[in-house]
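See below for the structure under consideration.
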Number of protein chains: 2
Amino acid sequence: MEYTVKILARMSGVSGRTLRYYDQIGLLKPARINSSGYRIYGQKEVDQLQQILFYRELEVSLEDIFEIMNQPSFDRSEALKSHYEKLKEKRSRLDKIMATVEKTIASIEGGKPMQDSEKFEGFKEKLIEDNEKKYGKEIREKYGDATIDASNAKLRGMSQEDYDHMTKLGEEVFELLEKAYATGDPTSPEAVELAEKHKEWLMYSWTSYSKEAHAGLAEMYVADERFAAYYDKVVDGGTKFIRDAILNYLGM
Amino acid sequence: MEYTVKILARMSGVSGRTLRYYDQIGLLKPARINSSGYRIYGQKEVDQLQQILFYRELEVSLEDIFEIMNQPSFDRSEALKSHYEKLKEKRSRLDKIMATVEKTIASIEGGKPMQDSEKFEGFKEKLIEDNEKKYGKEIREKYGDATIDASNAKLRGMSQEDYDHMTKLGEEVFELLEKAYATGDPTSPEAVELAEKHKEWLMYSWTSYSKEAHAGLAEMYVADERFAAYYDKVVDGGTKFIRDAILNYLGM
DNA sequence: ATAAACCTTTACGCAACGTAAAGGTCAAGG
DNA sequence: CCTTGACCTTTACGTTGCGTAAAGGTTTAT
């Protein structure tokens, strides 16, 4: 039950260099180093490597894998179940791309033209994935999976126009934030408009709306450095301002 | 039907930077540059980009994509059919990994242990893929798809022991080449053993064996720089020697 | 005419290793 | 016992496919 680099590498399908690299960055340390300086891996490390490979399969960065697996709340069994769902999503993305390939073949051989935007169906899913990779981790960590999963599900069903409109709304929120901030008053008409626009934007990704959830999100913006940085980019203190504007709008 | 960078990017799901990069490396050049230096893409480029994304989905390197698409014999329709098959393989690999995840969950919750090597089922497929990525392209180009596809199919069905044994045989071929070469005589007993061992090794990946195919492969070794480099690494002129030894063994 | 939203090129940065170099260790066979 | 070959080690530079400023020109809308 003890393995050297080469043996574990052969068993798992990764290279020796990969194992050494994982040791180097602290992602997977050998159980012990023997008297000659050789890395020796045991049971626990085998299971950890498997877990790492599952995450890697989902294109999670090694850094994120490290953070996830080192969280005190990390539950292997639960992680595996989540993996299963993600793999299913990945497979359905593949199915979509396969459908696009089929359609393209038919269009070439049948001579009937295809909408340009149709030609990229399935690839758009990648956008959603990437988005999740960028923001999903922290949101998941702090606010649970439910919100983001629902948000993704809705995104997926959206038409191009809807998507564009939503993007535009998001930008308008940004612009409004700047204007409203200039008034210095979170109860000003501009601030109210900001809150309204923000709600409108939210409706695109939220499956259900409640004042409490909206207010909770506003608080989250301030609490979460990532969101804070996002809104503070527009104007310093912008995050707090948008929170106050929303809370005022909601009468809280 | 004319698109600027941003528009095409949004439509296809790639970034603007990606399009500029593809232009830079010559993979996808815009149809024309307008008077202000802007990149303008047309119908043909849209289809090319789609094709590129299909290849990218299969993890083909951009360099290889370029070579493949610029071959005079490149047939879009055929390429798409091949894509479809590959995507199917990728999906079945995903299925295997999903099965491994399920098994792992059951093993954790049921408390029954799992073979260490079982834990990496599905990942091993990656090895085959990578191998193909490394050698497959040139072989395909020059000798058609049939051989390598069959070879992969057989590889997939192999047990760990078989695989190890094959690897070992491959190494023995190498060792023998050096010894046999030292005799300087492709009809020496050592050379005959080399040819025999080489046949034995071949049988692991070939579905059927014929003298002609074996001889053909020997010639291919010499003709193909990649293989030549591979065998000449052992001893200079090793490739020609192994060809002569095989031809002699086959009585040709 | 001014701002917003595009576009351009240049250039440095990054992840996740591959790959070579230079050398120590260990089991097996002569 | 000693050599050989297959392991092991560390160090370090190279690669792919972009992301991300920076610094500036163009177009469109108001």
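Only this structure's heavy atoms are used, side chains among them; waters, hydrogens and symmetry mates stay out. Just so it is clear: chains get the letters A, B, ... in the order the sequence lines come, proteins before strands, and each one is counted from 1.
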Phosphate OP1/OP2 of dT9(D): any R20(A) side-chain N/O under 4.0 Å:
yes
Side-chain atoms of E63(B) come closest, of dT16(D), dG19(D), dG18(C), to dT16(D)
Are any of the side-chain nitrogens in E89(B) or K86(B) under 4.0 Å away from the carboxylate oxygens of its partner?
no
Could you check whether E59(B) pairs with K90(B) (Lys NZ or Arg NE/NH1/NH2 to Asp/Glu carboxylate O, under 4.0 Å)?
yes
Without decimals, in angstroms, what is the distance between Y21(B) OH and dC7(C) P?
21 Å
Please report, rounded to the nearest Å, how far the C1' atom of dT15(D) is from the CD1 atom of I25(B).
13 Å
Short side-chain N/O contact to dC18(D) OP1/OP2 from Y22(B), under 4.0 Å
yes
Using OP1 and OP2 only, check whether a side-chain N or O of T4(B) sits under 4.0 Å from dC6(C).
no
Starting at CD of E59(A) and ending at C1' of dA15(C), how long is that distance when rounded to a whole Å?
14 Å
Please find out if less than 6.0 Å separates the ring center of F120(B) from that of F54(A).
no
Aromatic ring pairing Y55(B)/H83(B), orientation class (parallel under 30°, perpendicular over 60°, tilted between)
perpendicular
At less than 4.0 Å, is any side-chain N or O atom of S15(A) found next to OP1 or OP2 of dG18(C)? Yes or no.
yes
Of the residues in residues 34-46 of chain A, which ones touch DNA chain D at a heavy-atom distance under 4.0 Å?
G37(A), Y38(A), R39(A)
Between atom CD in Q24(A) and atom C1' in dA15(C), what is the gap in whole Å?
12 Å
When rounded to whole Å, the CZ to P distance for the pair R17(A) and dT9(D) reads 12 Å
To the nearest Å, give me how far apart CG (D64(A)) and C1' (dA15(C)) are.
12 Å
Among dC17(C), dC18(D), dT8(C), the one nearest any side-chain atom of R56(B) is dC18(D)
Please determine whether a side-chain nitrogen or oxygen atom of S61(A) lies at a distance below 4.0 Å from atom OP1 or OP2 of dC14(C).
no
Could you check how far CD1 of I33(A) sits from P of dT9(D), rounded to whole Å?
7 Å
Look up atom CG in L62(A) and atom CD1 in I25(A), then write down how far apart they are to the nearest 0.5 Å.
4.5 Å
What integer distance in Å separates I52(B):CD1 from dC18(D):P?
10 Å
Which pair of heavy atoms, one from T18(A) and one from S15(A), lies closest together, and at what distance?
OG1-OG, 2.8 Å
Show your working on side chain to side chain contact (heavy atoms under 4.5 Å, CB included) between E57(B) and L94(A) and close with a plain yes or no.
CA-CA 9 Å; E57(B) 184 64 30; L94(A) 265 183; 4.0 Å; yes
